Amino acid sequence: MKFSEYRIADGIKTAIAKLEYKKPTDIQYKSIPPILKGEDVLAIAQTGTGKTAAFVIPILHVLQERKIKNRRDGVKCLVMAPTHELALQIDQVFKSLGRNTRVNSLCIHGGVDQEPQIEQLAKGVDVLIATPGRLFDLVSQDYLNLSRVEILVLDEADHMLDLGFIKDIRDLMRHLPRKRQTLFFSATINDKIKKLAYSLVSDAIRIQISPKDPVAKNIDHAVAMIEMDDKRFFLEDLIKDNAEHKILVFVRTKVRAERVKKAMERVGIVSDTIHSDREQDERELTMKEFRGGQLKVLIATDVSARGIDIEGVEFVVNYDMPESSENYVHRVGRTGRGRQMGHALSFCSTEELDLLEDIENNLGKPVSRVDITKKEYQYTKDVSDANTGDWRELMKMAELDELTKPKKKNKK
Ligand code: AMP
């Protein structure tokens, strides 16, 4: 089925064509009709599957048809997202797909002055995209009327739970009308998520997509056995071999992110970091440069990079193995977006083998191994530009590596 055959406003179809989306993706195919009918939806959708447009398209149509007369009487659709980056991204999708409609949208998140947001809200907003913290702040100060919300969307609900937003979400529910449409999106599902979903959604809900293989087909992912202290040589090698490509590197902590950046700097590689210790405007600038391709290597922590959609990331590198198998799925999902091919490579040290085991159990199959012979391994270390550096620096780095090694997990 093509988008042209859907019963949605022509202006939205034109915007879809402009984005060069030809056919709906699986999640769009399954979600758009029930959302248009006003049903509640629980969608378990992989990242990168087109899930944002899966709710944006029908919501725009429904609001456009309603011919909203008075936007000042309150927000009609509230979208909650866990991070600033994701909230901004969703807003951009509303703006680009809604360019030919009368529906307007606003994104509010913390870390910036609230006054301009309050002014915009006073002018009237149809679709509000918000992170829970700031949203709750504004509601408690009485700047935001949510009594007219007809559609509530929770995006990356699993991530919101991880970030401890559950209480905020529950508190907010008291400000929303009971009769509303609720759309619940999550990349992963477990008992906690199910409980949250069932507590929010009253009608029958549909589980739209539950892929057997949570990693999208167009991503080839593999793991290489590399010891902690050697990882930087292999990252250097991979980046230098793929100098033209966009590479997203995942590390476990903010401190590690800065340290990997420094290690790359020493061997002449330009990179930048994204994590919660950086100022919001710095984060936005870094993301802009990475999006635009001026920055080729971005080093990120899990929290900062969940759900963000960046065009043309050819490689995801798990410099540190993710601490949960769900994060593995999220991380590798940053490449191979839409219809592009992507590659993901994990560096796994001896200490991280049990993390790899968990990931493979969750995927239900082994992750393919990259064979590195002893000779190749040694060669990669020998040719590193770090060998020309100051040995004291290297010693200091090795010591710090030791300090930030993952804690041994207790076997269940
Ligand atoms: P999302 O899962 O919402 O983060 O979307 C992942 C990527 O898929 C984004 O870059 C979208 O622009 C792209 N996308 C969404 N829908 C389609 C479609 N129907 N055809 C091609 N690409 C799409």
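Read the numbers this way: they start at 1 and go in the same order the structure lists the ligands and their atoms. For clarity, every value in this text was computed on a predicted model and none was experimentally measured.
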Taking every heavy atom of Q114 against every heavy atom of Y143, the minimum-distance pair comes out as NE2-CE1, 4.0 Å
Please identify which atoms of ligand 1 are closer than 4.0 Å to at least one heavy atom of G50.
1 (P), 2 (O), 3 (O), 5 (O), 6 (C), 15 (C)
Kindly identify the option in F3, Y21, F55 whose heavy atom sits closest to atom 20 (N) of ligand 1.
Y21
Parallel, tilted or perpendicular, judged at 30° and 60°: which one describes the rings of F136 and H175?
perpendicular
Hey, does the side chain of R331 reach the backbone of V316 with a donor-acceptor pair shorter than 3.5 angstrom?
no
Has ligand 1 got any nitrogen or oxygen that is less than 3.5 angstrom from a nitrogen or oxygen of Q28?
yes
Could you tell me, atom by atom, which parts of ligand 1 come under 4.0 Å of a heavy atom of T25?
17 (C), 18 (C), 19 (N)
Per-atom contacts, ligand 1 versus T52 - under 4.0 Å to a heavy atom:
1 (P), 3 (O), 4 (O)
Taking only non-hydrogen atoms of K23 and a 4.0 Å limit, the atoms of ligand 1 in range are 18 (C), 19 (N), 20 (N)
Using a strict 4.0 Å threshold on nitrogen-to-oxygen distance, state whether D155 and K51 make a salt bridge.
yes
Charged N-O contact under 4.0 Å between R291 and E85:
no
Name the orientation class of the two ring planes belonging to H109 and H84 (parallel below 30°, tilted from 30 to 60°, perpendicular beyond 60°).
parallel
Check whether any N or O atom of T49, backbone or side chain, sits under 3.5 Å from an N or O atom of ligand 1, and answer yes or no.
yes
